[in-house]
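Written below as structure tokens is the structure these notes are about.
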Amino acid sequence: MIAQFIFIIVLAAAVYLFSKNVAKIRRNILLGRDVNRSDQPALRWKVMAKVALGQTKMTKRPVAAVMHFFIYVGFIIINLEVLEIMIDGIFGSHRIFSNPLGGLYGFLIGAFEVLAVLVLVACVVFLCRRNLIRLKRFSGTEMTQWPKSDANYILITEVLLMTAFLTMNAADYKLQLLHFEHYVKAGSFPVSSLLAPVLPNNASALVIVERVCWWFHIIGILCFLNYLPYSKHFHILLAFPNTYYSNLNPKGKLTNMASVTTEVKAMLDPSFVPETTGEPGRFGAKDVTDLTWKNLMEAYTCTECGRCTSVCPANITGKLLSPRKIMMDTRDRITEVGNNIDKHGKDYHDGKALLGDYISREEIWACTTCNACTEACPVNINPLEIITELRRYAVMEESQAPASLNNMFGNIENNGAPWKYSQADRFNWASEQ
Ligand code: SF4
Ligand code: SF4
């Protein structure tokens with residue numbers, strides 16, 4: 001009874017904390033401007049099924065795709081086993097699904113064990129790629145300190161969880177062979193039975209091993225759950241809504257700015273009455289709250305995989321720009337804004353902004369707007385949208401654009417074209433020599 005009571009308290013505390021942190025992230029995302037992404041629901045479901053569920057964009061790098069698939073399937077399927085652990089923990093039962101599922105139960109436990117080994121292999125490969133082979137994609141100025149440790153923490157935790165799961169099963173298997181009370185014959189143990197010889201033969205010692213691993217496994221999973229909102233691994237939840245709300249326009253199509261459209265209409269038609277929707281917003285974005293909620297959702301969905309940066313022509317040619325850093329900076333800044341609201345109230349402003357304090361002007365003007373980053377992203381994130389909004393602010397609110405662009409703006413204003421020829425000379429090329 002005491003164990004059940006402790007388990008219920010721990011479970012309730014973990015679920016409460018997780019819900020609280022998820023609600024905070026949701027609130028932060030909704031600090032962004034509104035954008036309508038509810039059109040074409042059938043196509044949206046299809047994109048989500050293909051990109052998030054089917055992981056089709058991962059396949060461009062087959063080794064990573066296969067390893068990631070093991071971890072992804074392991075994560076989803078092993079949740080069935082976690083459900084059983086939770087019910088057992090609450091009611092004090094042992095392997096409660098074994099009776100109702102009959103023969104299928106043995107098959108499932110066997111399949112979980114095979115999956116656990118595949119997850120273990122994938123985690124070890126990923127750890128080697130990051131720490132021994134040191135793939136270039138996982139390096140960069142933005143990938144030091146916390147982002148570097150974050151990936152390692154989660155991989156090591158998964159190794160420990162899978163090891164605890166297999167050791168727990170091995171002890172259970174041995175106790176079943178000993179016909180020890182409570183440990184009824186249930187399940188098949190194709191992997192853990194191989195571990196059984198290294199465990200003690202004494203029933204009391206086996207019970208201790210089984211219980212320690214059981215508690216370690218479930219507490220580890222609850223800690224993992226509560227770690228997610230602080231980690232890039234939150235993408236395992238957000239990848240689904242993020243791909244559902246993807247931008248369905250052709251890549252490269254720039255959105256019109258409503259504020260500019262209104263001004264042009266008012267200029268061309270004196271009888272035009274603009275819709276009044278409260279305070280006029282900024283042109284472009286200076287801070288995260290000028291971005292849309294979708295941009296902010298993308299920031300929380302970024303897996304920090306670096307696929308965008310590895311194909312970015314600006315980054316490849318040594319410029320300061322890294323699209324991954326754009327997303328990480330946006331996430332860090334919106335988290336800071338959210339924390340400020342929690343501490344000082346919603347009207348507090350810390351005097352900082354995304355442009356300038358997090359992302360420099362050199363970075364945004366290094367972008368060629370090629371969209372390679374958007375194409376490469378496995379979860380349909382669009383760093384270019386954020387860069388474009390920051391540029392719009394720099395040009396339209398601060399009049400700060402590179403000299404080459406200022407020349408072009410002047411030409412458009414005076415000549416109606418980006419070139420430095422007057423409109424009267426435009427047809428000279430066709431005149432006879
Ligand atoms: S759109 Fe900009 S940030 Fe994205 S890959 Fe091209 S140059 Fe890099
Ligand atoms: S934006 Fe996409 S491709 Fe770039 S690091 Fe994040 S998840 Fe990876």
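Without hydrogens or angle criteria, Ser231 side chain to His233 main chain gives a donor-acceptor distance under 3.5 Å. Between the side chain of Thr317 and the main chain of Pro313, a donor-acceptor pair closer than 3.5 Å is present. In this structure a side-chain-to-backbone donor-acceptor pair under 3.5 Å is missing from Gln400 to Val395. The main-chain N or O of Leu127 is never found under 3.5 Å from a side-chain atom of Asn152 such that the two would form a donor-acceptor pair. Listed for the Asp350 side chain is no donor-acceptor partner under 3.5 Å among the backbone atoms of Val337. Side-chain N or O atoms of Lys251 include none that pairs as donor or acceptor with a backbone N or O of Ala372 at under 3.5 Å. Formation of a donor-acceptor pair under 3.5 Å by the Glu362 side chain with backbone atoms of Leu320 is not found in this model. Side-chain atoms of Asp357 do not come within 3.5 Å of backbone N or O of Leu354 as any donor-acceptor pair. When atom types are taken as modelled, the side chain of Asn256 and the backbone of Ala258 share no donor-acceptor pair closer than 3.5 angstrom. In this structure a side-chain-to-backbone donor-acceptor pair under 3.5 Å is missing from Asn295 to Ile386.
No side-chain heavy atom of Ile387 sits under 4.5 Å from any side-chain heavy atom of Ile359. The side-chain heavy atoms of Lys294 and Tyr245, taken from C-beta on, include a pair separated by under 4.5 Å. At a threshold of 4.5 Å between non-hydrogen side-chain atoms, the residues Tyr300 and Ile29 count as touching. A heavy-atom distance below 4.5 Å is not found between the side chains of Thr255 and Thr388. Counting only heavy atoms from C-beta outward, the side chains of Tyr105 and Arg95 approach each other to under 4.5 Å. Side-chain contact check for Thr369 versus Arg391: some heavy-atom pair is nearer than 4.5 Å. At a threshold of 4.5 Å between non-hydrogen side-chain atoms, the residues Glu389 and Asp290 do not count as touching. Residues Leu83 and Phe97 meet the side-chain proximity criterion, which asks for heavy atoms closer than 4.5 Å.
The neighbour count for Phe409 CZ, taken as heavy atoms of other residues, nucleotides or ligands under 6.0 Å away, is above 12. Atom CZ of Arg26 is surrounded by 12 or fewer heavy atoms from other residues, nucleotides or ligands within 6.0 Å. For Phe107, the CZ atom counts as loosely surrounded, since its 6.0 Å shell holds 12 or fewer non-hydrogen atoms of other residues, nucleotides or ligands. Environment of CH2 in Trp146: crowded, with over 12 heavy atoms of neighbouring residues, nucleotides or ligands closer than 6.0 Å.
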Kindly indicate, with the supporting measurements, whether the criterion salt bridge (charged side-chain N to carboxylate O under 4.0 Å, His left out) is fulfilled by Asp287 and Lys352. CA-CA 8 Å; Asp287 207 352; Lys352 291 199 218 164; over 6 Å; no

Step by step, work out the ring pair (Phe, Tyr, Trp, His ring centres under 6.0 Å) result for Trp214 and Phe7. CA-CA 11 Å; Trp214 188 94; Phe7 180 79; 5.6 Å; yes

Using the side chain to side chain contact (heavy atoms under 4.5 Å, CB included) rule, take Ile208 and Ser204 through it: C-alpha gap first, then chi angles, then the decisive distance, then the call. CA-CA 6 Å; Ile208 291 172; Ser204 315; 5.6 Å; no

Under the side chain to side chain contact (heavy atoms under 4.5 Å, CB included) rule, what do Val288 and Leu296 come out as? Steps first, then yes or no, please. CA-CA 8 Å; Val288 277; Leu296 302 181; 4.0 Å; yes

Can you list the steps and then say if Phe70 with Val121 is a side chain to side chain contact (heavy atoms under 4.5 Å, CB included)? CA-CA 9 Å; Phe70 289 160; Val121 170; 5.8 Å; no

Check the pair Tyr183 / His94 against ring pair (Phe, Tyr, Trp, His ring centres under 6.0 Å), numbers first and verdict last. CA-CA 7 Å; Tyr183 291 87; His94 186 70; 4.7 Å; yes

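One side chain, Thr374 or Asn371, offers a donor N or O that lies under 3.5 Å from an acceptor on the other. A donor-acceptor contact closer than 3.5 angstrom is absent between the side chains of Asn247 and Lys253. Side-chain N/O atoms of Asp172 and Gln176 include a donor and acceptor closer than 3.5 Å. Under 3.5 Å, the side chains of Ser360 and Glu363 contain a donor-acceptor pair of N or O atoms. Lys174 and Asn201 share a side-chain donor-acceptor pair at under 3.5 Å. With 3.5 Å as the limit, one finds no donor-acceptor pair spanning the side chains of Ser322 and Asn315.
Ion pairing between a basic and an acidic side chain is recognised when a charged N comes within 4.0 Å of a carboxylate O; Lys232 and Asp150 show no such pairing. Between Lys286 and Glu397, no side-chain nitrogen of the basic residue sits less than 4.0 Å from a carboxylate oxygen of the acidic one, so the salt-bridge criterion is not met. The pair Glu304-Arg331 meets the salt-bridge criterion, since a charged nitrogen lies less than 4.0 angstrom from a carboxylate oxygen.
In this structure, Pro383 and Ile381 approach most closely via the heavy-atom pair CD-O, 3.4 Å. Between Leu321 and Cys312, the shortest heavy-atom distance links the atoms CD2-SG, 4.2 Å. Looking at every heavy atom in both residues, Ala116 comes nearest to Phe165 through CB-CD2, 3.9 Å. What you find for Val51 and Val379 is that their closest heavy atoms are CG1-CA, 4.3 Å. Heavy-atom minimum distance, Ala171 versus Val209: CB-CG1, 4.0 Å. Closest approach of Phe91 to Gln4, counting heavy atoms only: C-NE2, 3.4 Å.
Considering CE of Met86 and CG of Leu222, their distance stands at 5.0 Å, rounded to 0.5 Å. Going from atom CZ of Arg44 over to atom OG of Ser38 covers 7.5 Å, rounded to the nearest 0.5 Å. Taking CD1 from Ile334 and CD1 from Ile25, the interatomic distance works out to 11.0 Å, rounded to the nearest 0.5 Å. Phe126 CZ to Leu135 CG: the interatomic distance, rounded to the nearest 0.5 Å, is 10.0 Å. The CD1 atom of Ile326 sits 13.0 Å away from the CD atom of Glu385 when rounded to the nearest 0.5 Å. Within the model, atoms CZ of Arg37 and OG of Ser246 stand 7.5 Å from one another, a figure rounded to the nearest 0.5 Å.
Exactly one of Lys325, Lys148, Arg324 qualifies for a salt bridge (charged side-chain N to carboxylate O under 4.0 Å, His left out) with Glu142. That residue is Arg324. The only option from Ser193, Ser188, Ser192 that meets the side-chain hydrogen bond (donor to acceptor under 3.5 Å, both in side chains) definition with Glu113 turns out to be Ser192.
Cation-pi geometry between Arg333 and Tyr358 is not met: the NZ or CZ atom fails to fall both under 6.0 Å from the ring centre and inside 45° of the normal.
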Donor-acceptor list for residues 153-161 side chains, cut-off 3.5 Å, not counting sequence neighbours:
residue : atom : partner : partner atom : Å
Thr157  : OG1  : Tyr153  : O            : 2.6

In a table with atom names and distances, give each donor-acceptor pair under 3.5 Å that connects a side chain of residues 60-69 to protein atoms at least two apart or in another chain.
residue : atom : partner : partner atom : Å
Arg61   : NH2  : Ser310  : OG           : 3.0
His68   : ND1  : Gln55   : OE1          : 3.0

